[in-house]
Amino acid sequence: MICWTQEAVSKSLFNVANLTRAQTDYFLASHTPIESIRDDRAEFAYTEETLFKSLFDPAQNEVMAIIHGEPGSGKSHLIRWLKLRAERAEAEGELKEFRSVLVQRVSGSLREALEQMIEQLGEEFAVYLHPVRSALSALSETTARATLAMHLALELGPRRVDRGLPSLDSELEALGDFFTQGTREFFLRDNGVIDRNIKLLNQASEISQRQTPPEFLPRDFEVPERWLSNTKTAASVETLGYALLLQPELCERAARLCNEALPKALAAMTGLTGGVLQSVLGEIRRDLFKKDQKLAVFIEDVSVMSAIGLEVVNAFEPQTKEGQCRIVSVLGMVDTGRTSYEALPANQKQRSTHLVSVGGDVLREWRQDRTALAKFAARYLNVTRMQPAEVTELANQRRRGGDVGLSACDRCEVKTECHAAWGSVELGSTQIGMFPFTADAPGLLLNQLKSADLHTPRGLIMHVLRPILKSAPSLPENFPQENVVALSPKEPEWWTAFANRFCGSWKESDQRRLLLLARAWITADTADQAASELSRLLTPLGFPLFKASPSPVAKKKNEESTSRVDEPPTISPKLQQILNDVAAWERGGGAPDADVRGWLLA
C-alpha cells in the first residue's frame, strides 16, 4: 500500500539542502515555480526566469541583488534555483566565462560559510582563505570570550568617538568597564550572552538561532553583589552596578547600548570587517579578470554570518574597478532581526541594483488557495514515489525548462482505485495522486498548525508533508496519528452529532483517527456531508463501515451554486379569473359566478 520509502522522503523533503548532484536532482524534480517575487522599487512581479534574465542582463556591469522575505517564504529556494539556472546557462553557452558560487547555510558555522565561496572557486584560490581561517582560528580558544569582552568595552568607550557617536552620559559612562574589571567574569560565564555569541560563530547552529542571535536583556545587568564588591571592581563600576539593581529603566538603556555595540565588537575581534572582505574579494576578482572570467555569488542568507552579516552587504556593493572582473551577487536576507533587511541602512538599500521581496500578499493568498497547496504537495509526493533514475529524468526535463512530465502513479496497478479514494491533481497533462493526503488536506493541515510562523512553504514541507510521510509504518490501521503534526485544538461543530450517528460504537482510537481526518482531510459543513466524504477512506484505512447511511448531501457552503432560479409556473387564464373572483368576494365584492359558488360549496 505504501508507495514511497523513508530514504526517498529524506532526499525529497529537506530543510537545508546540501546541493550535491544527486540532491540537486531531487530539488529540481520537486521544484514549484515561485510566483510571489516582487520588485520593491518598480512594484511589478517577476517570474523566476525574468528575474534571472534581469540579473544577468549584459547591459549591466556590477549587480547586487537583495532578496528578502520572512523565514520560510521561499527566498533561499529561489536563490538555489537561480544558482542552478546559472549553471545551466554556463553549460549551454548562454552565460560565457562565468564562475558561480553558492554559499549555503549548512551547519551555520561562520567559519564554514566564509570558506565555501573560496573553496568552490578551486585550489588556486586557497591562498585567499588564509586570512579567513587565521582570523577565526582563535575563536576555539578560551580567550575568545575575554577578547569579545574587551572589544565591547572599546565599542562602549573610545570607539564611540572614533565612529562619530556621542559619549555615554554620566549615568552609564562606566558601562564599558563592566567588561574589563571585577564584574567581567560575571559576563564571561557559561551560557551568558558573550559565551553564546562565541559558540554561534564557531559551532553548528540552527537557522532560527542565526536569525535572532543572542542579545543582552535588561536582567543581564542585574549583577550579583559579590561581583560588585570584588576588589578588582572600581568604585564607578560598583556605583553603577547598585544603580542598575534599583532602576529597571537604566537596565533597559544598558541592554540597548550593549546590543548596538555587540555586532561591531564581534566584527572587530574576528578581523573580518567589510574592509577585509572587500580586500579578499577584490583579489579574487583580479585573478578572475586575468583569466577573462566573471563571478556570480549567491548567498542564501547573510544572517548565517551573524557577526558581520551587514558587513557582507558592504563587501558586495557595486564597485567598478579597473582590473577587476564583473560580479553578479545575490544576497538573501530575512525581513527582521539584527542582521536583517529591516536593519539595513537606507543608503545600502539604495546602492543595490535589485531589491526583491518574496512572499508578502501573494504568500498570504497562497496559504488560502487549496488548489495551489495541493499542487505544491503533489510535486513532492510524486518524487518520493520515484526510483532514482526517474528522479534524474524528471530533473533533466526541468533543467530544459519543462514542468512535471512524469508521474510515478502511471506505473501503479491500483492507480484508478487510489485516485478515486484519495483524489489527484493535474500538473499540465500529468496526473498525480494525493495519497496519503486528499486535495484538501495540505491546506487544512498547514493552516491549523499551532505556530502561525510555520504557515509557509517551508512549514508545509517540514511540518506537514515530511512528518506524515515519515509516519508511513502506521498505515493503514493506525493512520493518521495525532502526535505527528502539532495542530491547534479544534473540533467541527457537527462532530458530536456525527459521532453519535455514524461511529458511536467504534473503539475510541478509531474515533480519534476519524476525528483527525474530519478536521484536516475533508471539508464539510454537516454530519451528512462529512459521512459522504469520509466513507471512501474507511476501507483503505481499516475502519469499520458507518452504522448509518448519510442522507443526500446538500451543497457545501464553500461551493459555488450553479443552480438557476426557476421561473414561476404559468397560470391558465381560467384559473387566474377564479382566483381574482375569490379575492374580490373576500374583500366584500360581488358574489362569484355560478361555477365558483359550486366549487366553494363542494
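Heads up: numbering here begins at 1 and tracks the sequence.
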Does D287 reach the main-chain N or O of F125 with its side chain, forming a donor-acceptor pair under 3.5 Å?
no

Flag the pair K53 and D57 as a salt bridge only when some basic side-chain nitrogen lies within less than 4.0 angstrom of an acidic carboxylate oxygen.
no

With F187, the side-chain contact (heavy atoms from CB on, under 4.5 Å) member among D195, L148, T180, V223:
V223

Can you check salt bridge (Lys or Arg N to Asp or Glu O under 4.0 Å) on R160 and E155, steps first, answer last?
CA-CA 6 Å; R160 287 185 66 84; E155 292 295 337; over 6 Å; no

So that I can tick it off, tell me whether R196 and D190 are bridged by a salt bridge, with the cut-off set at under 4.0 angstrom between side-chain N and carboxylate O.
no

Is any side-chain heavy atom of S54 less than 4.5 Å from a side-chain heavy atom of Y46?
yes

I'd like to know if E97 and K291 make a salt bridge, using a cut-off of under 4.0 Å between side-chain N and carboxylate O.
no

Once salt bridge (charged side-chain N to carboxylate O under 4.0 Å, His left out) is applied, do any residues pair with E252, and if so which ones, sequence neighbours excluded?
none

Atom CD of residue position E124 - does it have more than 12 heavy atoms of other residues, nucleotides or ligands inside 6.0 Å?
yes

I67 and I79: CA distance, side-chain angles, deciding distance, side chain to side chain contact (heavy atoms under 4.5 Å, CB included) verdict:
CA-CA 8 Å; I67 298 180; I79 290 171; 4.0 Å; yes

Distance check, rounded to the nearest 0.5 Å: L152 atom CG versus I194 atom CD1?
5.5 Å

Here the pair of heavy atoms bringing D335 nearest to E70 is OD2-N, 3.3 Å

State whether K83 and E87 are salt-bridged, where the test is any N-O pair (Lys NZ or Arg NE/NH1/NH2 against Asp/Glu carboxylate O) under 4.0 Å.
yes

Closest heavy-atom pair, R379 versus T32, reported as atoms and distance to 0.1 Å, is CD-OG1, 2.9 Å

Should the ring pair F52 and F56 be called parallel, tilted or perpendicular, given that the plane angle runs from 0 to 90° and is split at 30 and 60?
tilted

Please report the interatomic distance CD1(I37) to CG(L51), rounded to the nearest 0.5 Å.
6.0 Å

Measure the spacing between CG of L465 and OH of Y380 and express it to the nearest 0.5 Å.
8.5 Å

Expected output: side-chain H455 to main-chain R367 donor-acceptor under 3.5 Å:
no

Worked verdict on D40 versus H354 for side-chain hydrogen bond (donor to acceptor under 3.5 Å, both in side chains)
CA-CA 8 Å; D40 288 351; H354 297 68; over 6 Å; no

Quick check for you: to the nearest 0.5 Å, what is the distance between H151 atom NE2 and K264 atom NZ?
14.5 Å

Determine the interplanar angle of the F216 and F221 rings, folded into 0 to 90°, and report it as parallel if under 30°, tilted if 30 to 60°, perpendicular if over 60°.
tilted

On a heavy-atom basis, which atom in A153 and which in P158 lie closest, and how many Å separate them?
O-CD, 4.4 Å

Does the pair Q116 and Q104 meet the rule for a side chain to side chain contact (heavy atoms under 4.5 Å, CB included), with working shown?
CA-CA 8 Å; Q116 286 183 58; Q104 301 179 74; 3.8 Å; yes

Is it true that E48 and R85 have a side-chain N and a carboxylate O under 4.0 angstrom from each other?
no

Between K75 and S357, do the side chains contain an N or O donor and an N or O acceptor separated by less than 3.5 Å?
no

Closest non-hydrogen atom pair between W227 and T183, with its separation
O-CG2, 3.8 Å

Between R364 and D361, does any NZ, NE, NH1 or NH2 come within less than 4.0 Å of an OD or OE carboxylate oxygen?
yes

Should we say atom CD of E225 is surrounded by more than 12 heavy atoms from elsewhere, each under 6.0 Å from it?
no

If the threshold is 4.0 Å, N to carboxylate O, is there a salt bridge linking D220 and R189?
yes

What verdict does the side chain to side chain contact (heavy atoms under 4.5 Å, CB included) test give for Y242 and E238, after you've listed the backbone C-alpha separation in whole Å, the side-chain angles of each residue and the deciding distance to 0.1 Å?
CA-CA 6 Å; Y242 282 110; E238 184 178 358; 3.5 Å; yes

Less than 4.0 Å between a side-chain N and a carboxylate O, is that true for E283 and R286?
yes

Student check: side-chain heavy atoms of V161 and S167 closer than 4.5 Å
yes

Contacts of S100 that satisfy side chain to side chain donor-acceptor pair (under 3.5 Å) - sequence neighbours left out:
E90

Determine the minimum heavy-atom distance between V193 and P214, stating which atoms define it.
CG1-O, 4.1 Å

In this structure, CG of L288 is separated from CD of Q324 (nearest 0.5 Å) by 10.5 Å

Tell me, with the steps shown, if R184 and L188 meet side chain to side chain contact (heavy atoms under 4.5 Å, CB included).
CA-CA 6 Å; R184 185 186 71 157; L188 299 186; 3.8 Å; yes

Donor on one side chain, acceptor on other, S352 and R41, under 3.5 Å
yes

Given the rule in the side-chain hydrogen bond (donor to acceptor under 3.5 Å, both in side chains) test, do S10 and K470 qualify, once you have shown the distances and angles that lead to the verdict?
CA-CA 9 Å; S10 297; K470 283 284 189 179; 2.8 Å; yes

Closest approach of I468 to V484 (non-hydrogen atoms, all atoms of both residues):
N-CG1, 3.8 Å

From L102 atom CG to L84 atom CG, the distance as rounded to the nearest 0.5 Å
8.0 Å

Is it the case that atom CZ in R163 sees more than 12 heavy atoms from other parts of the structure closer than 6.0 Å?
yes

Show, in sequence, the C-alpha distance, side-chain angles and deciding distance for R399 and D25, and conclude whether the salt bridge (Lys or Arg N to Asp or Glu O under 4.0 Å) test is met.
CA-CA 9 Å; R399 285 187 177 94; D25 285 347; 2.8 Å; yes

